[in-house]
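Just so we're on the same page: letters track the sequence lines, and every chain starts at 1.
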Amino acid sequence: MIPLEHFLVVSGALFSLGLYSVLARRNAVLVLMGVELMLNAVSVNLVAFSLFEDPRLFLGQIFAIFVIVIAAAEVGLGLAIILKLFRMRTTANVDAADAMRW
Amino acid sequence: MTSLQITFYLTAFLALAGGAGLAWSRNVVHAALFLILALLAVAGLYLVLLADFLALVQVLIYGGAITILILFAMMLTRARELPEAMDNPQKPWAGAVALLTFLGLVVVAYTTPWPGLAASSLAHIDFKEIGSSLFIDWAIPFEIASLVLLVAMIGAIIIARPEEGE
C-alpha cells in the first residue's frame, strides 16, 4: 500500500504549481486554470484522508463532489466576467481590470 | 513494486507534468492541454484511492465540460493573438511563494503523526451507497449546491450577454 505521505506530497506539489500559475500569469484565463488545479489538489487530499482514516465513511468523496460543483459554478461565472472584461478593454490581462468604479 | 504502486507513481508523474506545463508553457493553448492532462491524471489518482465514482465525475466534468469552456473562452478572448507577456513582473516572488508553500506542506505531511494510518483496509464503495448517502445524509447541501449552480448559470448569462449598442 502507498503511504499517505506520498499522496500529500503529490497534492502539495500540484497545489504549489497551481498557486504559481495564479500568481505569475497575466492572462485571466490562465489564472482561472491555476485555481482549478489548486481545487483538484485539495480534493485529492480530502479523498486520501478519508480513505486512510475511515474507508467506510467516504466523507472525503462527498466533499470532493461538492468541491467539483462549486468549481463548475466558479468557472462559468469567471469566464463570463473575463468575456465582459475583454469586451470592455479588448484584453484579458488581469492588470487591465484596475477600475474600482466606473 | 506492486501494480498499484506503479499506477500511482505513473499517474502522479503525469499530474505533476501537466501542472508544470500549465505553469511554464509559453503557449496558451498548450497550457490548456497540459491542464487537461493534469486533470485526467487526478482522475487516475482517484482510481488509486478507490473512488471510482469520483474518477468518473472528474473525467466528465473536468475533462469534458470545464476544459471545453476554458478553450472557448480562449478563442473568444483571442488569447493566442495577444501574447503580450503572459507572465507578470512579480514572477520571482510567485516562484518563491509557491516553493515555500510546497516545502511547508511537505514538512507538515512528514512531521504530523497521522492517526489511524494502519487501518487502511481496502474498502470499495459502490455507486449505490454514495447515491443514497448524497440524497439522505447530505440532502440539504445537495439542494443548496443545485441552487448555487442555478444562480451561477443565471449570473453568467446576464454578465456575458451583450448590451444594447455593443
**Asked** Heavy atoms, side chains only, cut-off 4.5 Å: are A/N40 and B/Y46 in contact?
**Response** yes
**Request:** Working to the nearest 0.5 Å, report the span between CZ of A/F58 and CD of B/E129.
**Result:** 5.0 Å
**Asked** What part of B/F72 gets closer than 4.5 Å to chain A, counting heavy atoms only: side chain, backbone, both or neither?
**Response** neither
**Request:** For B/Q90 and A/L23, indicate whether the former's side chain and the latter's backbone hold a donor-acceptor pair under 3.5 Å.
**Result:** yes
**Complete:** Nearest heavy-atom contact between A/S16 and B/T101 is OG-C, 4.1 Å
**Request:** Flag yes if A/V67 and B/L105 sit in one hydrophobic cluster, no otherwise; membership is Ile, Leu, Val, Met, Phe, Trp, Tyr, and two members link when side-chain heavy atoms are under 4.5 Å apart.
**Result:** yes
**Asked** By a 4.5 Å heavy-atom criterion (distance strictly below it), what part of B/A32 contacts chain A: side chain, backbone, both, or neither?
**Response** both
**Heavy-atom pair count under 4.5 Å with chain A, highest-scoring of B/S133, B/S146, B/G95, B/A98** = B/A98
**Fill in**
Given A/L83, A/L19, A/I68, the one with more heavy-atom pairs under 4.5 angstrom with chain B than any other is A/I68
**Asked** Looking only at heavy atoms, what is the nearest atom pair of B/K91 and A/A24, with distance?
**Response** CG-CB, 4.1 Å
**Message:** Parallel, tilted or perpendicular: which one describes the rings of B/F8 and A/F7, with boundaries at 30° and 60°?
**Reply:** tilted
**Request:** Measure A/F15 against the heavy atoms of chain B and call it side chain, backbone, both or neither at under 4.5 Å.
**Result:** side chain
**Message:** Taking atom CD1 as the centre, does B/I140 end up with more than 12 heavy-atom neighbours from other residues, nucleotides or ligands that are less than 6.0 angstrom away?
**Reply:** no
**Prompt:** Within a strict 4.5 Å, meaning less than it, do heavy atoms of the B/L22 and A/L30 side chains meet?
**Reply:** yes
**Request:** Give the minimum heavy-atom separation between A/A73 and B/A152, together with the two atoms involved.
**Result:** CB-CB, 3.6 Å
**Item:** Exceeds 12 heavy-atom contacts within 6.0 angstrom, atom CZ of A/F63
**Value:** no
**Prompt:** At a heavy-atom separation under 4.5 Å, does B/F13 approach chain A through its side chain, its backbone, both, or neither?
**Reply:** neither
**Message:** Using the rule given for side chain to side chain contact (heavy atoms under 4.5 Å, CB included), can you reason through A/L51 versus B/L50, listing the C-alpha separation, both sets of side-chain angles and the distance that settles it, and then say yes or no?
**Reply:** CA-CA 8 Å; A/L51 182 73; B/L50 302 174; 4.1 Å; yes
**Message:** Hydrophobic clustering (ILVMFWY, side-chain heavy atoms < 4.5 Å, transitive) - are B/L56 and B/L39 grouped together?
**Reply:** yes
**Residue, of B/A65, B/A15, B/P141, that accumulates the most heavy atom pairs under 4.5 Å with chain A** = B/P141
**Item:** A/I62 versus chain B, the contacting section by heavy-atom distance below 4.5 Å
**Value:** side chain
**Request:** Tell me whether B/L35 is reachable from B/L37 by hopping between hydrophobic residues (I, L, V, M, F, W, Y) whose side-chain heavy atoms are closer than 4.5 Å.
**Result:** no
**Message:** Please classify the contact of A/S43 with chain B as side chain, backbone, both or neither, using a heavy-atom distance under 4.5 Å.
**Reply:** both
**Prompt:** Between atom CE of A/M33 and atom CD1 of B/I66, what is the distance when rounded to the nearest 0.5 Å?
**Reply:** 12.0 Å
**Item:** Side chains of B/I159 and A/L77 in contact at under 4.5 Å (non-hydrogen atoms)
**Value:** yes
**Asked** Less than 4.5 Å apart, any side-chain heavy atom of A/V9 and any of B/Y110?
**Response** yes
**Message:** Can you give me the closest heavy-atom contact between A/F86 and B/T77, atom names plus distance?
**Reply:** CE1-O, 3.1 Å
**Asked** A/L85 versus chain B, heavy atoms under 4.5 Å apart: side chain, backbone, both or neither?
**Response** neither
**Complete:** Of the listed B/T67, B/V108, B/I130, B/L99, the one with the largest count of heavy-atom pairs under 4.5 Å with chain A is B/I130
**Prompt:** Step by step, would you call B/V28 with A/V29 a side chain to side chain contact (heavy atoms under 4.5 Å, CB included)?
**Reply:** CA-CA 9 Å; B/V28 198; A/V29 183; 5.7 Å; no
**Portion of A/I81 that has a non-hydrogen atom of chain B nearer than 4.5 angstrom** = both
**Message:** Side-chain heavy atoms nearer than 4.5 Å, only ILVMFWY residues, links allowed to pass through others: does that put A/V10 and B/I6 together?
**Reply:** yes
**Request:** Count the heavy-atom pairs under 4.5 Å between each of B/G104, B/P92, B/A145, B/G18 and chain A, then report the option with the highest count.
**Result:** B/A145
**Request:** Assess whether side chain to side chain contact (heavy atoms under 4.5 Å, CB included) is satisfied between A/L17 and B/W24, documenting all intermediate values.
**Result:** CA-CA 9 Å; A/L17 286 169; B/W24 283 295; 3.7 Å; yes
**Message:** Ignoring hydrogens, what is the shortest heavy-atom contact between B/A23 and A/S21? Give both atom names and the distance.
**Reply:** CA-CB, 4.2 Å
**Message:** Hydrophobic cluster membership, with links at side-chain heavy-atom distances under 4.5 Å among I/L/V/M/F/W/Y: are B/V97 and A/V35 in one?
**Reply:** yes
**Complete:** With chain B, the option among A/I2, A/V69, A/I65, A/V75 that has the most non-hydrogen atom pairs under 4.5 Å is A/I2
**Message:** Does any part of the side chain of A/V47, heavy atoms only, come nearer than 4.5 Å to the side chain of B/L54, both counted from C-beta?
**Reply:** yes
**Prompt:** Taking the side chain as C-beta and beyond, is there a heavy-atom pair between A/L14 and B/V42 under 4.5 Å?
**Reply:** yes
**Closest contact, heavy atoms only, A/L79 versus B/A73** = CD2-CB, 3.5 Å
**Asked** Among B/V148, B/L134, B/I144, which one satisfies side-chain contact (heavy atoms from CB on, under 4.5 Å) with A/F66?
**Response** B/L134
**Contact origin within A/L59 toward chain B - heavy atom pairs under 4.5 Å** = side chain
**Options B/T2, B/L16, B/L45, ranked by heavy-atom pairs under 4.5 Å with chain A, top entry** = B/L16
**Message:** Report which part of B/I61 has an atom under 4.5 Å of a heavy atom belonging to chain A: side chain, backbone, both, or neither.
**Reply:** side chain
